[in-house]
J.: 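Submitted below is the structure of interest, expressed as structure tokens.
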Amino acid sequence: MADVTRDTLVSTLEEIALLLELKGENPFKTRAYRKGADIVQNFDGDIVARAAEGDLKGIKGIGDALQQKLHELASTGTLQYYKNLKAEFPPTLFELFEVQGLGPKKIKALYDKLGISSVAELKEVCQGEEISNLAGFGAKTVEKILAAIENREKFADRFRLGEVAPLAETLLERLRDHPKVSRSAIAGSYRRSKETLHDLDFLVATTEPAELTKFFTQFTEVHEVIVHGETKASIRLENGLQCDLRAVSNNHFPFALQYFTGSKEHNVELRSLALKKGLSLNEYDFTGEGDIPKVNEEADIYRALGMDWVAPELRENRGEIEAAQQGELPGLVELSHLKGTFHNHTIASDGKNTLEEMAGAAKDHGLQYLGIADHSKSSFQANGLDEDRLIEQIATIRKLNESFDEFALIAGSEVDILKDGSLDFNNDLLSQLDYCVASVHNVFNLPEDEMTARLIRAMENEHVTMLGHLTGRLLLRRDPYAVNIEKIIDCAAETRTVIELNCNPWRLDMDWRWWHRARDKGVLTSINPDAHSTDQLQFLAYGTRLARKGWLRREDVVNCRSLAGIREWLALPKSKR
Ligand code: DGT
Ligand code: CA
Ligand code: CA
Ligand code: ZN
């Protein structure tokens, strides 16, 4: 039986609602499913267990029909009603739901009036004349749909780091545990901690390569074997992710690891350095006329070329080679350096856990403090707090803090930056907080200079400690909004505003490519999980990987300070930070 989670229940109910809508069923019925999905999503308690046990009586908004369906789904892993409903439509129809900006109403019109049931058909019809006769499909809409399709194609077969990491580590462990494997690694963009990846590059050192490639192609997650050779295999997993395996001898392993870690640009530089020393470097060996350096591990290769070992995150040919030759690589921040974190949500706005639960989880992560930053009132879709609720939350936090030993919650807010750059709360209220994260949550489509001015105005406020998710991007889904990042960095340096590194794997915002420049201007960051549940404190690991990729050191990351240190820092006027 497939694992049923809260997400399974929610997405099944939502899909049923869509399908009923497509069938033209009575709106009350569709609404009941949508509402049910919402209730399940926000239910405070183990809804999956209760559904499995058939114990859903008395939950407001979930009637008998829904109760039965949730019970069937949670206890058996499938739902016959949903299967039958789905079978009434062509399977490619479901692709349409993935096109941004295409809601159920439009999908229904396309399906009913033009018989469109796949993205390919949609693209074709959008490029023709016929569609302009359809109500609701003006030139602008059609243009947007085409752009969304293009986006979808552009992002096809790329995956977010956070989306593949748990699976990647599971598969690596399986290879590592194989009795014939002496060394193993995931190389490629994964090892370099790119925010999105095309495929995973596994590497093992073994005396039995053929046995290992066979083992690999027989993983239960395999959907398709693309290549199966003696020393090399490629598989596609059920989720569409391609994984390559190369099986090499123990002697070749350091060379293969170095080569397949990339980046290509970094390797090109390295090979030309080798040539200057009369050495030829490839994925197996050094070769050449004179003395051949002895290599047991990757660092020996770098040493032989007269440079320090380069952390994989930095291998993008963005200055790391020169720094390594001069012994000037940065000492990069590590997860264990983080002593606390800011920007976390609770049930007061759109989080799933209470203040106490979030504090407990932060302690479990070894943190000394946790900044709470629930949404502000303009983010009504996220149940943002108004002035009274925020004042009450501050008092609750102060009270709770009396019960903690060597741990503290820090009272903040994620304050909306309004369209004109003013903030959702007045300075009087902001001054009662320990800190504040300021973020944009609406009106994304301003021209670049207006958006930049909007953010700058917010940063100029004495009470704005840090800027949240700078560009609003959602990786592989929503492009960043137009903003002049160079100007934002300059303003952050001048106003002593921290720019957060939002660790949510969908965001990883500000982008890693900007951090080196920011840090050289003295801008500080805070590695923030934007946690909406206790589980999401795990995101700190992704944020740390991306901070390293951005050349950041412990001293550049404000939440590496101890509780005492951060209190002192927060007490300073902004200009002194
Ligand atoms: P991606 O697209 O996210 O999979 O990125 P990578 O960097 O993992 O790229 P991939 O999987 O094609 O190759 C892994 C590494 O192998 C790459 O970073 C450098 C090395 N490599 C692959 N093909 C070539 C090549 O044609 N020339 C050189 N110099 N290196 C290569
Ligand atoms: Ca790769
Ligand atoms: Ca590859
Ligand atoms: Zn936010």
Side-chain angles (χ1 to χ4, degrees), residues 154-161 163-165 168 185-203 226-227 232-236 241-246 248 255-272 274-275 280-284 312-317 342-345 349-351 371-376 378-379 381-385 412-417 424 436-442 444 458 466-476 478 481 500 502-504 506-507 509 528-532 536 539 549:
K154 185 171 75 190
F155 294 149
D157 70 15
R158 288 200 77 78
F159 295 80
R160 286 175 298 279
L161 175 64
E163 180 180 21
V164 303
I186 307 176
S189 48
Y190 182 79
R191 185 160 181 244
R192 300 200 313 280
S193 295
K194 282 285 294 286
E195 70 280 27
T196 65
L197 342 153
H198 168 68
D199 68 5
L200 291 177
D201 303 281
F202 291 90
L203 204 61
I226 305 166
V227 179
K232 209 169 123 169
S234 274
I235 55 178
R236 189 174 311 285
L241 177 66
Q242 183 180 325
C243 298
D244 298 341
L245 172 72
R246 285 168 188 90
V248 301
F255 291 96
L257 179 62
Q258 197 290 314
Y259 180 88
F260 290 111
T261 296
S263 65
K264 214 185 256 185
E265 294 75 12
H266 174 89
N267 287 353
V268 166
E269 291 296 317
L270 229 56
R271 272 200 304 276
S272 82
L275 284 177
S280 158
L281 171 65
N282 62 27
E283 66 261 53
Y284 304 110
E313 295 92 334
L314 301 183
R315 299 184 195 173
E316 300 289 350
N317 195 24
F342 295 94
H343 196 169
N344 299 286
H345 298 266
S349 64
D350 58 349
I372 300 300
D374 272 312
H375 285 286
S376 64
S378 287
S379 278
Q381 75 291 343
N383 192 26
L385 280 64
S413 168
E414 183 181 16
V415 185
D416 268 32
I417 303 175
D424 208 9
C436 136
V437 186
S439 310
V440 166
H441 288 120
N442 62 6
F444 294 144
M466 55 187 83
L467 214 50
H469 44 70
L470 172 60
T471 73
R473 75 176 181 186
L474 295 178
L475 289 167
L476 306 182
R478 184 170 80 201
Y481 41 69
E500 98 171 346
N502 190 297
C503 314
N504 184 309
W506 283 89
R507 298 186 181 272
D509 189 7
N528 287 343
D530 199 351
H532 284 70
Q536 293 185 347
F539 293 167
K549 197 158 187 60

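All values below were derived from every heavy atom in this structure, side-chain atoms included, with hydrogens, water molecules and symmetry-related copies excluded. Worth saying up front: this structure is predicted, and the values here are computed from it rather than measured. Both ligands and their constituent atoms are indexed starting at 1 by order of listing.
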J.: Kindly state if atom 9 (O) of ligand 1 has a protein heavy atom within a strict 4.0 Å cut-off, that is, under 4.0 Å?
T.: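 When distances to the protein are checked, atom 9 (O) of ligand 1 has no heavy atom within 4.0 Å.
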J.: Is there a donor in the side chain of N267 and an acceptor in the side chain of Q258, or the other way round, less than 3.5 Å apart?
T.: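 The answer is yes; a qualifying pair exists.
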J.: Do Q536 and H345 have a side chain donor and acceptor closer than 3.5 Å?
T.: no
J.: Can you find a heavy atom in the side chain of R191 that is under 4.5 Å from one in the side chain of L257?
T.: yes
J.: For a quick check under 3.5 Å, do S376 and D424 share a side-chain donor-acceptor pair by atom type?
T.: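 Distance-only check passes for S376 and D424.
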J.: For atom 14 (C) of ligand 1, what's the nearest protein heavy-atom neighbour? Residue, atom name and distance, please.
T.: F260 O, 3.5 Å
J.: With nothing but distance in play, are any N or O atoms of S189 less than 3.5 Å from an N or O of ligand 1?
T.: yes
J.: Please check if a non-hydrogen protein atom sits closer than 4.0 Å to atom 16 (O) of ligand 1.
T.: yes
J.: Could you check if a side-chain atom of S189 sits within less than 4.5 angstrom of a side-chain atom of H198, using non-hydrogen atoms only?
T.: no
J.: What do you get for the angle at the Zn ion (ligand 4) between NE2 on H441 and NE2 on H469, to the nearest 10 degrees?
T.: 100°
J.: Within D530, is some N, O or S atom less than 2.8 Å away from the Zn ion (ligand 4)?
T.: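 No - counting backbone and side chain alike, D530 has no N, O or S atom under 2.8 Å.
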J.: Which is it for R271 and ligand 1 at heavy atoms under 4.0 Å: side chain, backbone, both or neither?
T.: side chain
J.: Please report whether ligand 1 has a polar contact with D199, defined as an N or O pair separated by less than 3.5 Å (distance criterion only).
T.: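 The answer is yes, given that D199 and ligand 1 share an N or O pair closer than 3.5 Å.
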J.: With no hydrogens and no angle check, just 3.5 Å: does a side-chain donor-acceptor pair link Q381 and H441?
T.: no
J.: Using a 4.0 Å cutoff against the non-hydrogen atoms of H198, which atoms of ligand 1 qualify?
T.: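 Listed by number with element: 1 (P), 2 (O), 3 (O), 4 (O).
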J.: To make sure I understand the geometry: which N, O or S atom in D244 is closest to the Ca ion (ligand 3)?
T.: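 Going through the N, O and S atoms of D244 one by one, OD2 ends up nearest to the Ca ion (ligand 3).
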J.: What I'd like to find out is whether the side chain of Y259 reaches to under 4.5 Å of the side chain of L281, using heavy atoms alone.
T.: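 Side chain of Y259 against side chain of L281, heavy atoms only: no contact under 4.5 Å found.
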J.: What residue and heavy atom of the protein are closest to atom 31 (C) of ligand 1, and at what distance?
T.: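 Atom 31 (C) of ligand 1 sits closest to the protein heavy atom Y259 OH, 3.4 Å.
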J.: Got a salt bridge between K549 and E316, using NZ or NE/NH1/NH2 to carboxylate O under 4.0 Å?
T.: yes
J.: Of all N/O/S atoms in E414, which lies nearest to the Zn ion (ligand 4)?
T.: OE2
J.: Side chain of S263, backbone of R315: donor and acceptor closer than 3.5 Å?
T.: yes
J.: Among T196, D199, L475, L241, find the residue that satisfies the side-chain contact (heavy atoms from CB on, under 4.5 Å) test when tested with R158.
T.: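 Answer after filtering T196, D199, L475, L241: T196.
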J.: Below 4.0 Å, non-hydrogen atoms only: which portion of Y190 touches ligand 1? Side chain, backbone, both or neither.
T.: neither
J.: Could you tell me if D350 and H532 have a donor-acceptor pair between their side chains, going purely by distance under 3.5 Å?
T.: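 On atom types as modelled, these side chains qualify, holding a pair under 3.5 Å.
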J.: Relative to the Ca ion (ligand 3), which of the N, O or S atoms in D201 is the closest?
T.: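 Closest to the Ca ion (ligand 3) among those atoms: OD1.
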J.: Taking the non-hydrogen atoms of T261, is any one of them nearer than 4.0 angstrom to ligand 1?
T.: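 Heavy atoms of T261 do come under 4.0 Å of ligand 1.
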J.: Is there a nitrogen or oxygen of R192 sitting under 3.5 Å from a nitrogen or oxygen of ligand 1?
T.: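 Yes; at least one N/O pair falls below 3.5 Å.
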J.: What protein heavy atom sits nearest atom 26 (O) of ligand 1, and how far off is it?
T.: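 It is K264 CE, 3.7 Å.
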